[in-house]
Amino acid sequence: MTKNIPEGEYVIFQNDITGLDQVNQGDLYPLLIQEPNTRIPLTNISLGVNIYRFGKNFYDSAKVAGKLELKKEELDSIRRARGENPDNRKLIKKQDKLESRVESLEKKAEFGNLVMRTGNPATVLDSADTKVSATEIRNYLYNRGYMDVSTNFKVETKKKKAFVTYEVEENEPYLIDSIYVRSDNEEILSLLNSSKSESLLKLHENYNQNNIVAERNRIEDLLKNNGFFMFSKSFIEYNVFQDTSKKSVVIEELIRKPTFAEKHEVYTIDSIYFRVNPPSNDFIDQKISRSYRDIDFSFYKDRYSEKIFSSRVFLDSGNVYNRSEVLESQRQLNNLDLFRFVNISFDTVGTSLTAKIQTQPNQKYQLTNQLGLSITEQLPGPFFSASLRNRNFLELEKSWNSILELDWKG
(Lines give C-alpha, C1' and ligand atoms only; values in the text may rest on other atoms or scores of the structure.)
Protein backbone atom coordinates (compact mmCIF):
# COMPACT_ATOMS: atom_id res chain seq x y z
CA MET A 1 0.00 0.00 0.00
CA THR A 2 2.96 2.33 0.65
CA LYS A 3 4.60 1.47 -2.67
CA ASN A 4 5.50 4.45 -4.91
CA ILE A 5 4.60 7.00 -2.20
CA PRO A 6 6.82 10.08 -2.77
CA GLU A 7 9.52 11.00 -0.28
CA GLY A 8 8.15 13.06 2.62
CA GLU A 9 4.60 11.71 2.28
CA TYR A 10 2.91 9.10 4.43
CA VAL A 11 -0.15 6.87 4.05
CA ILE A 12 -2.72 6.99 6.84
CA PHE A 13 -2.39 3.55 8.40
CA GLN A 14 -4.32 3.96 11.64
CA ASN A 15 -6.52 6.49 13.47
CA ASP A 16 -7.05 6.39 17.23
CA ILE A 17 -9.18 8.54 19.54
CA THR A 18 -8.16 8.57 23.20
CA GLY A 19 -9.30 10.23 26.43
CA LEU A 20 -13.02 9.47 26.21
CA ASP A 21 -14.85 8.54 29.41
CA GLN A 22 -18.52 9.26 28.68
CA VAL A 23 -18.88 9.65 24.91
CA ASN A 24 -19.07 6.63 22.61
CA GLN A 25 -15.85 6.44 20.62
CA GLY A 26 -17.70 5.02 17.61
CA ASP A 27 -19.71 8.25 17.27
CA LEU A 28 -16.54 10.25 16.60
CA TYR A 29 -14.75 8.18 13.95
CA PRO A 30 -17.19 9.24 11.15
CA LEU A 31 -16.10 12.84 11.83
CA LEU A 32 -12.54 12.14 10.70
CA ILE A 33 -11.91 13.44 7.19
CA GLN A 34 -9.09 11.04 6.35
CA GLU A 35 -9.70 7.33 6.88
CA PRO A 36 -7.18 4.50 6.38
CA ASN A 37 -7.67 2.42 3.25
CA THR A 38 -9.36 -0.94 3.77
CA ARG A 39 -6.69 -3.63 4.01
CA ILE A 40 -6.56 -7.40 3.90
CA PRO A 41 -6.25 -8.43 7.59
CA LEU A 42 -2.71 -8.87 8.93
CA THR A 43 -1.20 -7.53 5.71
CA ASN A 44 -0.13 -4.23 4.21
CA ILE A 45 -2.21 -4.92 1.09
CA SER A 46 -5.22 -2.83 0.04
CA LEU A 47 -7.14 -4.31 -2.88
CA GLY A 48 -8.80 -0.97 -3.63
CA VAL A 49 -5.46 0.84 -3.83
CA ASN A 50 -3.96 -1.84 -6.08
CA ILE A 51 -6.94 -1.61 -8.45
CA TYR A 52 -6.61 2.18 -8.54
CA ARG A 53 -2.89 1.98 -9.32
CA PHE A 54 -3.47 -0.61 -12.04
CA GLY A 55 -6.01 1.68 -13.70
CA LYS A 56 -3.63 4.63 -13.43
CA ASN A 57 -1.16 2.82 -15.71
CA PHE A 58 -3.65 3.38 -18.56
CA TYR A 59 -4.64 6.93 -17.64
CA ASP A 60 -3.28 10.06 -19.30
CA SER A 61 -4.59 13.11 -17.44
CA ALA A 62 -3.20 15.55 -20.04
CA LYS A 63 -4.95 13.68 -22.86
CA VAL A 64 -8.25 13.67 -20.94
CA ALA A 65 -7.92 17.41 -20.21
CA GLY A 66 -7.27 18.09 -23.89
CA LYS A 67 -10.32 16.12 -25.01
CA LEU A 68 -12.44 17.87 -22.41
CA GLU A 69 -11.36 21.29 -23.63
CA LEU A 70 -12.14 20.40 -27.27
CA LYS A 71 -15.58 19.02 -26.42
CA LYS A 72 -16.41 22.11 -24.36
CA GLU A 73 -15.48 24.36 -27.28
CA GLU A 74 -17.58 22.21 -29.63
CA LEU A 75 -20.50 22.36 -27.19
CA ASP A 76 -20.27 26.16 -26.95
CA SER A 77 -20.37 26.33 -30.76
CA ILE A 78 -23.49 24.15 -30.92
CA ARG A 79 -25.20 26.22 -28.22
CA ARG A 80 -24.54 29.40 -30.20
CA ALA A 81 -25.96 27.76 -33.32
CA ARG A 82 -29.04 26.67 -31.38
CA GLY A 83 -29.55 30.25 -30.27
CA GLU A 84 -30.28 31.05 -33.91
CA ASN A 85 -32.15 27.77 -34.60
CA PRO A 86 -33.68 26.67 -31.26
CA ASP A 87 -35.99 24.04 -32.83
CA ASN A 88 -33.40 22.40 -35.09
CA ARG A 89 -33.60 18.69 -34.24
CA LYS A 90 -30.09 17.85 -35.44
CA LEU A 91 -28.62 20.58 -33.25
CA ILE A 92 -30.71 19.46 -30.25
CA LYS A 93 -29.52 15.87 -30.69
CA LYS A 94 -25.91 17.00 -31.12
CA GLN A 95 -26.09 19.21 -28.02
CA ASP A 96 -27.51 16.40 -25.88
CA LYS A 97 -24.77 14.06 -27.06
CA LEU A 98 -22.02 16.61 -26.37
CA GLU A 99 -23.37 17.50 -22.93
CA SER A 100 -23.30 13.82 -22.01
CA ARG A 101 -19.74 13.49 -23.34
CA VAL A 102 -18.53 16.57 -21.45
CA GLU A 103 -20.09 15.27 -18.23
CA SER A 104 -18.34 11.92 -18.73
CA LEU A 105 -14.98 13.57 -19.39
CA GLU A 106 -15.34 15.87 -16.37
CA LYS A 107 -15.89 12.81 -14.18
CA LYS A 108 -12.90 11.12 -15.78
CA ALA A 109 -10.72 14.21 -15.27
CA GLU A 110 -11.63 14.42 -11.58
CA PHE A 111 -11.79 10.74 -10.57
CA GLY A 112 -9.81 8.89 -13.25
CA ASN A 113 -10.84 6.12 -15.62
CA LEU A 114 -13.37 3.39 -14.86
CA VAL A 115 -10.77 1.04 -13.32
CA MET A 116 -9.47 3.83 -11.08
CA ARG A 117 -13.00 4.68 -9.97
CA THR A 118 -13.58 1.01 -9.12
CA GLY A 119 -10.69 1.20 -6.65
CA ASN A 120 -9.56 4.09 -4.47
CA PRO A 121 -6.32 6.07 -4.09
CA ALA A 122 -4.08 5.69 -1.07
CA THR A 123 -5.05 8.11 1.72
CA VAL A 124 -2.02 10.32 2.10
CA LEU A 125 -1.60 12.26 5.35
CA ASP A 126 -2.70 15.90 5.07
CA SER A 127 -2.00 17.96 8.21
CA ALA A 128 -4.71 20.49 7.28
CA ASP A 129 -7.35 17.73 7.17
CA THR A 130 -6.07 16.39 10.49
CA LYS A 131 -6.57 19.81 12.12
CA VAL A 132 -10.08 20.04 10.68
CA SER A 133 -10.89 16.57 12.05
CA ALA A 134 -9.77 17.62 15.54
CA THR A 135 -11.99 20.71 15.26
CA GLU A 136 -14.94 18.59 14.13
CA ILE A 137 -14.54 16.38 17.20
CA ARG A 138 -14.45 19.44 19.45
CA ASN A 139 -17.58 20.96 17.86
CA TYR A 140 -19.45 17.67 18.10
CA LEU A 141 -18.73 17.33 21.82
CA TYR A 142 -19.39 21.02 22.53
CA ASN A 143 -22.85 20.73 20.97
CA ARG A 144 -23.55 17.79 23.23
CA GLY A 145 -22.84 19.63 26.44
CA TYR A 146 -19.09 19.24 26.79
CA MET A 147 -18.47 22.95 26.56
CA ASP A 148 -15.03 22.83 28.17
CA VAL A 149 -13.76 20.12 25.84
CA SER A 150 -10.25 20.31 24.41
CA THR A 151 -8.84 18.33 21.49
CA ASN A 152 -5.37 17.79 20.09
CA PHE A 153 -3.62 15.28 17.87
CA LYS A 154 -0.22 13.74 17.36
CA VAL A 155 1.22 11.94 14.34
CA GLU A 156 3.81 9.18 14.42
CA THR A 157 5.41 8.00 11.19
CA LYS A 158 7.14 4.74 10.36
CA LYS A 159 8.19 3.42 6.95
CA LYS A 160 5.84 5.65 4.95
CA LYS A 161 2.99 4.91 7.37
CA ALA A 162 1.27 7.53 9.52
CA PHE A 163 -0.38 6.71 12.86
CA VAL A 164 -2.68 9.53 13.96
CA THR A 165 -3.93 9.82 17.54
CA TYR A 166 -6.65 12.34 18.44
CA GLU A 167 -6.39 13.24 22.12
CA VAL A 168 -9.64 14.37 23.74
CA GLU A 169 -10.25 15.84 27.17
CA GLU A 170 -14.03 15.85 27.68
CA ASN A 171 -14.21 17.57 31.09
CA GLU A 172 -17.52 17.84 32.91
CA PRO A 173 -20.69 18.12 30.79
CA TYR A 174 -23.06 21.07 31.26
CA LEU A 175 -26.55 20.23 32.51
CA ILE A 176 -29.82 22.09 31.85
CA ASP A 177 -30.59 24.04 35.02
CA SER A 178 -33.78 25.80 33.91
CA ILE A 179 -35.90 26.62 30.84
CA TYR A 180 -37.85 29.84 30.40
CA VAL A 181 -40.55 30.28 27.75
CA ARG A 182 -41.37 33.81 26.63
CA SER A 183 -44.38 34.78 24.49
CA ASP A 184 -47.06 37.45 24.65
CA ASN A 185 -49.57 35.01 23.08
CA GLU A 186 -51.59 33.34 25.84
CA GLU A 187 -52.96 30.62 23.55
CA ILE A 188 -49.46 29.56 22.56
CA LEU A 189 -48.25 29.63 26.17
CA SER A 190 -51.20 27.46 27.18
CA LEU A 191 -50.41 24.88 24.49
CA LEU A 192 -46.72 24.79 25.44
CA ASN A 193 -47.54 24.37 29.12
CA SER A 194 -50.05 21.59 28.46
CA SER A 195 -47.47 19.66 26.40
CA LYS A 196 -44.53 20.30 28.73
CA SER A 197 -44.19 16.58 29.49
CA GLU A 198 -43.54 15.93 25.77
CA SER A 199 -40.71 18.48 25.59
CA LEU A 200 -37.37 17.12 24.40
CA LEU A 201 -35.52 19.53 26.71
CA LYS A 202 -35.32 17.96 30.17
CA LEU A 203 -34.03 19.59 33.35
CA HIS A 204 -30.80 18.20 34.79
CA GLU A 205 -29.93 16.35 31.58
CA ASN A 206 -26.92 17.08 29.39
CA TYR A 207 -27.31 20.06 27.11
CA ASN A 208 -27.60 18.79 23.53
CA GLN A 209 -27.91 21.01 20.46
CA ASN A 210 -29.76 18.24 18.60
CA ASN A 211 -32.51 18.31 21.21
CA ILE A 212 -33.01 22.03 20.63
CA VAL A 213 -33.42 21.41 16.89
CA ALA A 214 -35.89 18.58 17.58
CA GLU A 215 -37.82 20.67 20.13
CA ARG A 216 -38.18 23.50 17.62
CA ASN A 217 -39.68 21.01 15.14
CA ARG A 218 -41.99 19.60 17.83
CA ILE A 219 -43.32 23.04 18.73
CA GLU A 220 -43.95 23.87 15.07
CA ASP A 221 -45.93 20.63 14.67
CA LEU A 222 -47.82 21.26 17.91
CA LEU A 223 -48.93 24.75 16.89
CA LYS A 224 -49.74 23.82 13.29
CA ASN A 225 -51.87 20.95 14.55
CA ASN A 226 -53.80 23.35 16.76
CA GLY A 227 -54.85 25.97 14.25
CA PHE A 228 -51.75 28.14 13.84
CA PHE A 229 -51.70 27.84 10.05
CA MET A 230 -49.19 30.66 9.42
CA PHE A 231 -46.77 29.65 12.17
CA SER A 232 -43.32 28.25 11.35
CA LYS A 233 -40.24 27.30 13.37
CA SER A 234 -38.47 30.43 12.14
CA PHE A 235 -40.46 32.29 14.84
CA ILE A 236 -38.82 30.19 17.59
CA GLU A 237 -35.56 31.50 19.01
CA TYR A 238 -33.33 29.87 21.61
CA ASN A 239 -30.79 31.66 23.78
CA VAL A 240 -28.42 29.55 25.88
CA PHE A 241 -26.63 31.08 28.88
CA GLN A 242 -23.66 29.28 30.42
CA ASP A 243 -22.79 29.20 34.10
CA THR A 244 -19.16 28.06 34.12
CA SER A 245 -18.99 27.76 37.90
CA LYS A 246 -22.03 25.45 38.15
CA LYS A 247 -21.35 23.72 34.82
CA SER A 248 -24.96 24.38 33.82
CA VAL A 249 -26.99 26.25 31.21
CA VAL A 250 -30.17 28.29 31.29
CA ILE A 251 -32.27 28.04 28.10
CA GLU A 252 -34.56 30.83 26.98
CA GLU A 253 -37.25 29.79 24.49
CA LEU A 254 -38.63 32.85 22.74
CA ILE A 255 -41.70 32.84 20.46
CA ARG A 256 -41.36 35.91 18.27
CA LYS A 257 -44.32 37.91 16.95
CA PRO A 258 -45.13 37.75 13.23
CA THR A 259 -44.23 40.67 10.99
CA PHE A 260 -47.50 40.40 9.05
CA ALA A 261 -49.94 40.63 11.98
CA GLU A 262 -50.28 41.74 15.60
CA LYS A 263 -50.04 38.16 16.83
CA HIS A 264 -50.12 34.53 15.71
CA GLU A 265 -53.75 33.67 14.96
CA VAL A 266 -55.74 30.42 15.01
CA TYR A 267 -57.24 29.62 11.60
CA THR A 268 -60.53 27.77 11.04
CA ILE A 269 -61.59 25.78 7.97
CA ASP A 270 -64.58 27.54 6.44
CA SER A 271 -65.24 25.35 3.39
CA ILE A 272 -63.78 22.41 1.46
CA TYR A 273 -63.66 21.94 -2.31
CA PHE A 274 -62.70 18.65 -3.95
CA ARG A 275 -62.02 18.79 -7.68
CA VAL A 276 -61.10 16.00 -10.08
CA ASN A 277 -59.59 17.83 -13.04
CA PRO A 278 -60.18 16.47 -16.54
CA PRO A 279 -57.20 14.80 -18.25
CA SER A 280 -57.61 17.17 -21.21
CA ASN A 281 -59.74 20.03 -22.47
CA ASP A 282 -61.94 17.52 -24.31
CA PHE A 283 -63.90 16.97 -21.09
CA ILE A 284 -64.06 20.56 -19.89
CA ASP A 285 -67.79 20.86 -20.52
CA GLN A 286 -68.68 17.57 -18.76
CA LYS A 287 -68.69 18.97 -15.23
CA ILE A 288 -70.63 17.28 -12.40
CA SER A 289 -71.11 19.11 -9.09
CA ARG A 290 -72.36 17.54 -5.86
CA SER A 291 -72.12 18.15 -2.12
CA TYR A 292 -71.51 15.50 0.51
CA ARG A 293 -70.52 15.85 4.18
CA ASP A 294 -69.99 19.60 3.75
CA ILE A 295 -67.55 18.97 0.90
CA ASP A 296 -68.26 20.51 -2.51
CA PHE A 297 -67.27 17.97 -5.17
CA SER A 298 -66.60 18.78 -8.79
CA PHE A 299 -66.05 15.92 -11.27
CA TYR A 300 -65.55 16.08 -15.00
CA LYS A 301 -67.66 12.91 -15.40
CA ASP A 302 -70.31 11.16 -13.34
CA ARG A 303 -68.03 8.21 -12.56
CA TYR A 304 -66.76 8.92 -9.04
CA SER A 305 -68.01 8.20 -5.52
CA GLU A 306 -68.03 11.22 -3.24
CA LYS A 307 -68.76 8.84 -0.34
CA ILE A 308 -65.48 7.01 -0.83
CA PHE A 309 -63.51 10.23 -1.30
CA SER A 310 -65.04 11.96 1.72
CA SER A 311 -64.15 9.00 3.97
CA ARG A 312 -60.52 9.75 3.19
CA VAL A 313 -60.71 13.48 3.81
CA PHE A 314 -60.10 14.22 7.50
CA LEU A 315 -60.86 17.94 7.29
CA ASP A 316 -64.14 19.31 8.61
CA SER A 317 -65.75 22.70 8.12
CA GLY A 318 -65.78 24.64 11.36
CA ASN A 319 -62.72 22.86 12.79
CA VAL A 320 -59.38 24.55 13.36
CA TYR A 321 -56.58 23.84 10.92
CA ASN A 322 -54.57 20.70 11.64
CA ARG A 323 -51.54 19.93 9.49
CA SER A 324 -51.48 16.24 10.47
CA GLU A 325 -55.04 15.85 9.17
CA VAL A 326 -54.06 17.50 5.90
CA LEU A 327 -51.09 15.15 5.41
CA GLU A 328 -53.15 12.09 6.36
CA SER A 329 -55.90 13.11 3.90
CA GLN A 330 -53.34 13.44 1.14
CA ARG A 331 -51.81 10.06 2.00
CA GLN A 332 -55.17 8.26 2.09
CA LEU A 333 -56.28 9.73 -1.24
CA ASN A 334 -52.97 8.76 -2.84
CA ASN A 335 -53.41 5.23 -1.51
CA LEU A 336 -56.56 4.86 -3.64
CA ASP A 337 -54.21 4.64 -6.64
CA LEU A 338 -56.70 6.61 -8.72
CA PHE A 339 -54.89 9.91 -9.12
CA ARG A 340 -51.73 11.11 -10.78
CA PHE A 341 -51.39 13.68 -8.01
CA VAL A 342 -53.26 14.98 -4.97
CA ASN A 343 -52.64 18.61 -4.08
CA ILE A 344 -54.21 20.28 -1.01
CA SER A 345 -53.91 24.06 -0.80
CA PHE A 346 -55.63 26.81 1.18
CA ASP A 347 -57.00 30.26 0.43
CA THR A 348 -57.20 32.65 3.37
CA VAL A 349 -59.67 35.40 4.18
CA GLY A 350 -58.89 36.83 7.58
CA THR A 351 -58.52 33.74 9.79
CA SER A 352 -60.80 31.58 7.63
CA LEU A 353 -59.42 28.89 5.32
CA THR A 354 -60.86 27.49 2.13
CA ALA A 355 -59.40 24.02 1.55
CA LYS A 356 -58.92 23.15 -2.13
CA ILE A 357 -58.21 19.52 -2.98
CA GLN A 358 -57.07 19.24 -6.59
CA THR A 359 -56.56 15.87 -8.31
CA GLN A 360 -56.20 14.40 -11.77
CA PRO A 361 -57.08 10.76 -12.59
CA ASN A 362 -54.59 8.11 -13.54
CA GLN A 363 -55.04 6.34 -16.82
CA LYS A 364 -57.80 3.73 -16.52
CA TYR A 365 -55.74 0.83 -17.85
CA GLN A 366 -52.13 0.13 -17.01
CA LEU A 367 -50.13 -2.76 -18.47
CA THR A 368 -46.85 -3.87 -16.90
CA ASN A 369 -44.49 -6.61 -18.11
CA GLN A 370 -41.84 -8.67 -16.33
CA LEU A 371 -39.22 -10.85 -17.98
CA GLY A 372 -36.72 -12.92 -16.02
CA LEU A 373 -35.34 -16.28 -14.98
CA SER A 374 -37.17 -18.66 -12.65
CA ILE A 375 -34.88 -20.88 -10.55
CA THR A 376 -36.47 -23.91 -8.83
CA GLU A 377 -35.30 -27.34 -7.68
CA GLN A 378 -35.37 -28.37 -11.34
CA LEU A 379 -33.72 -26.65 -14.30
CA PRO A 380 -33.96 -22.85 -14.42
CA GLY A 381 -36.36 -21.51 -17.01
CA PRO A 382 -37.46 -18.13 -18.33
CA PHE A 383 -40.73 -16.55 -17.33
CA PHE A 384 -42.89 -13.75 -18.62
CA SER A 385 -45.59 -12.02 -16.57
CA ALA A 386 -48.08 -9.45 -17.83
CA SER A 387 -50.32 -7.56 -15.42
CA LEU A 388 -53.30 -5.52 -16.58
CA ARG A 389 -54.75 -3.13 -14.00
CA ASN A 390 -58.23 -1.73 -14.53
CA ARG A 391 -59.02 1.27 -12.35
CA ASN A 392 -62.82 0.78 -12.35
CA PHE A 393 -64.36 4.12 -11.38
CA LEU A 394 -67.95 3.02 -11.92
CA GLU A 395 -67.83 0.33 -9.27
CA LEU A 396 -65.54 2.16 -6.91
CA GLU A 397 -67.66 1.53 -3.81
CA LYS A 398 -67.53 -2.25 -4.38
CA SER A 399 -64.02 -2.76 -5.64
CA TRP A 400 -61.86 -0.06 -7.20
CA ASN A 401 -59.01 -2.27 -8.35
CA SER A 402 -59.18 -5.45 -10.35
CA ILE A 403 -56.08 -7.15 -11.63
CA LEU A 404 -55.85 -9.64 -14.45
CA GLU A 405 -52.57 -11.53 -14.50
CA LEU A 406 -51.27 -13.57 -17.39
CA ASP A 407 -48.26 -15.76 -16.61
CA TRP A 408 -46.14 -17.92 -18.84
CA LYS A 409 -43.25 -20.08 -17.67
CA GLY A 410 -40.90 -22.11 -19.74
Ring pair (Phe, Tyr, Trp, His ring centres under 6.0 Å) involving [X] - partner list, sequence neighbours excluded:
X: Y146; answer: none
X: F228; answer: none
X: F229; answer: Y267, Y321, F346
X: F231; answer: F235, H264

With sequence neighbours excluded, give me every ring pair (Phe, Tyr, Trp, His ring centres under 6.0 Å) pair touching residues 57-86.
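Applying ring pair (Phe, Tyr, Trp, His ring centres under 6.0 Å) to every pair that reaches into residues 57-86, excluding sequence neighbours, yields F54-F58.
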
Which of these, L192, N217, I188, sits in a side-chain contact (heavy atoms from CB on, under 4.5 Å) with L222?
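With L222 as partner, L192, N217, I188 yield a single side-chain contact (heavy atoms from CB on, under 4.5 Å), made by L192.
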
Would you please say whether a donor-acceptor pair under 3.5 Å links the side chains of D126 and Q34?
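Note: D126 and Q34 side chains miss the donor-acceptor criterion.
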
With distance as the sole criterion, is a donor-acceptor pair present between the side chains of Q95 and R82 under 3.5 Å?
yes

Evaluation steps, salt bridge (Lys or Arg N to Asp or Glu O under 4.0 Å), between E169 and R138
CA-CA 10 Å; E169 189 176 345; R138 182 189 177 281; over 6 Å; no

Do [X] and [Y] make a side-chain contact, defined as non-hydrogen atoms from C-beta onward lying under 4.5 Å apart?
X: V181; Y: L189; answer: yes
X: T351; Y: E265; answer: yes
X: E74; Y: S77; answer: no

Who passes side chain to side chain contact (heavy atoms under 4.5 Å, CB included) against [X], sequence neighbours left out?
X: T18; value: T165, E167
X: R89; value: none
X: R331; value: E328, N335
X: S190; value: none

Residues forming a salt bridge (Lys or Arg N to Asp or Glu O under 4.0 Å) with D296, sequence neighbours excluded
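Salt bridge (Lys or Arg N to Asp or Glu O under 4.0 Å) list for D296, sorted by chain: empty.
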
Does E306 have any salt bridge (Lys or Arg N to Asp or Glu O under 4.0 Å) partners at least two apart in sequence or in another chain, and if so, which?
R290

Does R39 form a side-chain hydrogen bond (donor to acceptor under 3.5 Å, both in side chains) with N37? I'd like the steps, not just the answer.
CA-CA 6 Å; R39 304 187 301 274; N37 297 101; over 6 Å; no

Can you list, pair by pair, the side-chain donor-acceptor contacts under 3.5 Å of residues 250-257, counting residues two or more places apart and other chains?
from : atom 1 : to   : atom 2 : distance (Å)
E252 : OE1    : N239 : ND2    : 2.6
E252 : OE2    : R182 : NH1    : 2.6
E253 : OE2    : Y238 : OH     : 2.7
R256 : NE     : E237 : OE1    : 2.6
R256 : NH2    : E237 : OE1    : 2.8
R256 : NH2    : E237 : OE2    : 3.4

Are the aromatic ring centres of Y140 and Y142 under 6.0 angstrom apart?
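No, the ring of Y140 stays outside the 6.0 Å limit from the ring of Y142, centre to centre.
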
A quick test of your reading: do over 12 heavy atoms of other residues, nucleotides or ligands sit less than 6.0 Å from OH of Y273?
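Not more than 12 within 6.0 Å, no.
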
Looking at K202, I want to see if its NZ is surrounded by more than 12 non-hydrogen atoms of other residues, nucleotides or ligands under 6.0 Å.
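More than 12 within 6.0 Å, yes.
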
Could you tell me whether a side-chain N or O of T359 sits under 3.5 Å from a main-chain N or O of F339, the two making a donor and an acceptor?
no

Would you please test Y304 and F274 for ring pair (Phe, Tyr, Trp, His ring centres under 6.0 Å) and show each step?
CA-CA 12 Å; Y304 301 97; F274 192 117; 8.9 Å; no

